[in-house]
Protein chains: 2
Amino acid sequence: MKSPNQNVKIDGIDKKILRFLMEDARKPVLEIARSIGISGAAIHQRLRKLEASGLLVGSKFVINPKVMGYTTMAYIGIYLDKAMSNPRAVKQLEKIPEVLECHYTTGNWSILIKILCMDNEHLMHVLNKEIQQIEGVSRTETFISLAQQIDRQITI
Amino acid sequence: MKSPNQNVKIDGIDKKILRFLMEDARKPVLEIARSIGISGAAIHQRLRKLEASGLLVGSKFVINPKVMGYTTMAYIGIYLDKAMSNPRAVKQLEKIPEVLECHYTTGNWSILIKILCMDNEHLMHVLNKEIQQIEGVSRTETFISLAQQIDRQITI
DNA sequence: GCTGAAACCACTTGCTC
DNA sequence: GAGCAAGTGGTTTCAGC
C-alpha cells in the first residue's frame, strides 16, 4: 500500500468485484470470477492493484453489539475551552473504548463523538466520569439514537 | 443466522478469533489456528456458531472514499413536521446514496444523518435539492466534519 | 468440542497475447 | 498491461471420537 492517489481509474470489472466484496469480504473469489467471466488470478491481480492505489483499505468482520448487551448508542457534542487543543482532547477520547467515532466539526461544538454503551446508566457513567473529566471539556450535549435506520458505505 | 440472542456466551478463544478477524476479515484461519493452538476446523466450527448466535453479522471490504473524490463528510440534524412520520422520511433518505447513516434521535431533531459528498458544492446540492425537498422536512442544521479522528468498532 | 483427511479455493509465479 | 494455467498451501466440510 502506497500513499492514496486521487486519480485512481476504476473500470466496470473493478466495480463489480468491489461491490461483491464490500457486501461479504469472504466471498470466494472464484465465485466472483465465474459470475464476471474471468479467471480467479485476474481478480487477484486487480485486488492487489486496488490495494496499492489506496482505494481498498482492508476488510473487517462486523459484529452486532446488541448481542453483547450494548443497546444504547448516542451522539455527544462537546464544547472545548479555547485553551484546549483538539488533538489533546482526541488523545483522551481515544482511551475511552465506548467512543467509536470522533469528528472535528464546524458549528456549535468543537467535537462530535458517537458512543456505544450497555444502557443509560452506563452512558451516564461514561459521560460524567470519563468525558466530563477530560481537561478542557466545558459542556456537552447528548443525543440518544433510538434507532439506527441506515448504515452503509458509499455506492461505487 | 437466526434471530439475535441476548445471552450469547463467548469464551477467550472466541474473543481471540474475533479480534483477529475484526481487524482483517481475510486473515488466514490457519494462522489464527496456529497462534491459538487449535485446528483450523475448530476455528471454523466456532465461527459458524458465532454467526448462528447473531453476534457475527458478516464481513465487509473497507474502501477509502477520499481516493474516489469524496472528501466532504457532514452530519445533518433534520426537523420534521409533526405530521410527518419518521419511517416515511427514512424511506426517502434511503434513496439518497450520499446518506450513509440515519438515526432517530432524542433532542432537538427528529433525525440525525451522516452524509458523504465530493465537495461543498455537492453537499449543497444534496441538501437543497434532495433533503430539503423531502415532504415533511421543515429545517436542517449542518455540521461539517473537518476530520474524522476516531473510527472503530466496540472492543470485545 | 476437537481432530484429520479430502475436496475445494486462494494466491503466486511464469508464460502468452 | 491484462489475462490464463498450474502449483503450493489455506479453507471448509465431514466422519469419527
Side-chain angles (χ1 to χ4, degrees), chain A residues 1-64 67-69 153 155-156, chain B residues 1-64 66-69 153 156:
Chain A
M1 187 171 59
K2 330 175 288 195
S3 59
N5 181 342
Q6 234 69 329
N7 272 322
V8 177
K9 283 181 210 151
I10 302 291
D11 69 6
I13 296 180
D14 291 325
K15 284 187 186 173
K16 278 183 188 169
I17 296 169
L18 286 173
R19 279 199 270 258
F20 277 120
L21 291 169
M22 283 172 71
E23 279 307 306
D24 176 7
R26 290 192 84 101
K27 190 175 190 75
V29 171
L30 280 188
E31 254 181 58
I32 300 168
R34 281 187 294 260
S35 104
I36 294 180
I38 59 175
S39 70
I43 305 248
H44 269 271
Q45 218 171 87
R46 281 166 176 274
L47 285 174
R48 259 180 297 164
K49 199 170 292 184
L50 287 169
E51 198 167 1
S53 78
L55 208 193
L56 186 48
V57 176
S59 60
K60 297 218 177 317
F61 259 47
V62 182
I63 64 165
N64 178 359
V67 176
M68 296 214 59
Q153 293 193 73
T155 311
I156 59 162
Chain B
M1 186 171 62
K2 328 174 289 193
S3 60
N5 179 344
Q6 234 68 328
N7 272 322
V8 177
K9 282 182 209 151
I10 303 292
D11 69 8
I13 296 178
D14 291 324
K15 284 187 186 175
K16 279 183 187 169
I17 297 169
L18 287 174
R19 279 199 271 257
F20 277 119
L21 292 170
M22 282 172 73
E23 279 309 305
D24 175 6
R26 291 191 83 102
K27 189 173 191 78
V29 170
L30 280 188
E31 256 180 57
I32 301 168
R34 281 188 294 260
S35 105
I36 294 180
I38 58 176
S39 70
I43 304 248
H44 213 262
Q45 209 173 94
R46 280 165 176 273
L47 284 174
R48 258 181 307 175
K49 199 169 290 184
L50 287 169
E51 198 168 0
S53 78
L55 209 194
L56 186 49
V57 175
S59 59
K60 294 210 177 333
F61 258 46
V62 182
I63 64 165
N64 179 0
K66 285 184 188 166
V67 175
M68 296 215 60
Q153 293 194 70
I156 60 163

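Remember, it's a predicted structure, so these values are computed and weren't measured experimentally. Chain identifiers are assigned alphabetically (A, B, ...) following the order of the sequence lines, protein sequences preceding nucleic acid strands; residue numbering begins at 1 within each chain.
Among pairs with a residue in residues 10-22 of chain A, those fulfilling side-chain hydrogen bond (donor to acceptor under 3.5 Å, both in side chains) read A:D11-A:R46, A:D14-A:R46, at least two apart in sequence or across chains.
Considering only heavy atoms from C-beta on, B:L55 comes within 4.5 Å of B:L18 through its side chain. Between A:L50 and A:I10, some side-chain heavy-atom pair lies under the 4.5 Å cut-off. Looking at B:K49 and B:Q45, their side chains never come closer than 4.5 Å, going by heavy atoms from C-beta outward. Between B:I32 and B:L21, some side-chain heavy-atom pair lies under the 4.5 Å cut-off. No side-chain heavy atom of A:V67 sits less than 4.5 Å from a side-chain heavy atom of B:V57. B:L47 places a side-chain heavy atom less than 4.5 Å from the side chain of B:I17.
Here the straight-line distance linking atom CG of A:L56 with atom CZ of A:R48 works out to 12.5 Å at 0.5 Å rounding.
Qualifying side-chain contact (heavy atoms from CB on, under 4.5 Å) partners for B:S39, counting only residues two or more places apart in sequence or in other chains: B:A41, B:A42.
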Less than 3.5 Å apart, which donor and acceptor atoms pair up between the side chains of residues 22-31 of chain A and the rest of the protein, not counting sequence neighbours?
| residue | atom | partner | partner atom | Å |
| --- | --- | --- | --- | --- |
| A:D24 | OD1 | A:R26 | N | 3.0 |
| A:D24 | OD1 | B:S59 | OG | 3.2 |
| A:R26 | NH1 | B:A25 | O | 2.4 |
| A:K27 | NZ | A:E31 | OE1 | 3.3 |

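Atom CD1 in B:I43 sits about 12 Å away from atom C1' in C:dC2, given to the nearest Å.
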Pull out every protein N or O sitting under 3.5 Å from an N or O of nucleotides 8-11 of chain C, one pair per line with the distance.
| residue | atom | partner | partner atom | Å |
| --- | --- | --- | --- | --- |
| C:dA10 | OP1 | A:V29 | N | 2.4 |
| C:dA10 | OP2 | A:V29 | N | 3.4 |
| C:dA10 | OP2 | A:L30 | N | 2.9 |
| C:dC11 | OP2 | A:H44 | NE2 | 3.0 |

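Axis angle between the ends of the helix from C:dG1-D:dC17 to C:dC17-D:dG1, five pairs each and rounded to 10 degrees, works out to 30°.
Bounding nucleotides for the chain A contact on DNA chain D, 5' to 3', at a heavy-atom distance below 4.0 Å, are D:dA2 to D:dT12.
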